[in-house]
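Below: one structure, written as structure tokens.
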Amino acid sequence: MPQPPAARRIAERVLSCPDVAGLSRGPFGAVATYLPGDLVPGVAVRDDVIEVHVVARYGRPLPEVAELIRDAIGDLAAGRRTDVAIADVVTTDGRKE
């Protein structure tokens with residue numbers, strides 16, 4: 001079972017990436033790590049994979065954004081594969097592209 005603080009630390013690191021506008025729970029709201037009385041949206045920590053869904057800022061190529069996210073959380077992944085999904089893209093003024 002993953003340590004709950006890991007999901008929070010992962011979310012903080014992902015949100016610190018300049019090309020990330022926010023986290024997304026995915027199309028059905030299922031991407032999250034559930035904790036007692038709380039949840040970390042947009043980050044699903046499993047035994048073999050970490051799944052991260054984000055809203056990206058317009059500008060940088062999306063494969064580069066995903067790679068920057070993987071680099072930012074690499075030490076927290078503890079050898080697990082990291083899947084990054086770009087759920088949406090917004091401009092600097094918050095409009096969707």
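Numbers for residues simply follow the sequence, beginning at 1.
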Mind listing the closest non-hydrogen atom pair of S16 and R13 along with its distance?
OG-O, 2.7 Å
Kindly work out whether a path of hydrophobic side-chain contacts (I/L/V/M/F/W/Y, heavy atoms less than 4.5 Å apart) joins V65 to V31.
no
Taking V40's backbone N and O only, do any of them form a donor-acceptor pair with R8's side chain (distance below 3.5 Å, no angle check)?
no
Summary of salt bridge (Lys or Arg N to Asp or Glu O under 4.0 Å) pairs that have at least one residue in residues 25-36, sequence neighbours excluded:
none
Would you check if V89 and L62 make a side-chain contact, meaning some heavy-atom pair closer than 4.5 Å?
yes
Measuring only between side-chain heavy atoms, which start at C-beta, is V54 closer than 4.5 Å to I86?
yes
Could you point out which residue of V49, D47, V45 forms a side chain to side chain contact (heavy atoms under 4.5 Å, CB included) with R80?
V45
Minimum heavy-atom distance between P41 and L23, given as atom pair plus value:
O-CD1, 3.4 Å
Find the distance between CZ (R57) and SG (C17) and round it off to the nearest 0.5 Å.
10.5 Å
On a heavy-atom basis, the closest approach of V90 and A21 is CG2-CB, 3.7 Å
Taking every heavy atom of V43 against every heavy atom of A7, the minimum-distance pair comes out as CG1-O, 4.2 Å
Closest heavy-atom pair, D19 versus R60, reported as atoms and distance to 0.1 Å, is OD2-NE, 2.5 Å
Please report the closest heavy-atom contact between T33 and A44, naming both atoms and the distance.
OG1-CA, 3.5 Å
With E12, which residues qualify under side-chain contact (heavy atoms from CB on, under 4.5 Å), at least two apart?
none
Output for pair (L68 CG, I73 CD1), nearest 0.5 Å, gives 12.0 Å
Is there a path of hydrophobic side-chain contacts, each under 4.5 Å between heavy atoms of I/L/V/M/F/W/Y residues, joining I50 to L76?
yes
Atom CD1 in I69, atom CG in L15: separation rounded to 0.5 Å?
9.5 Å
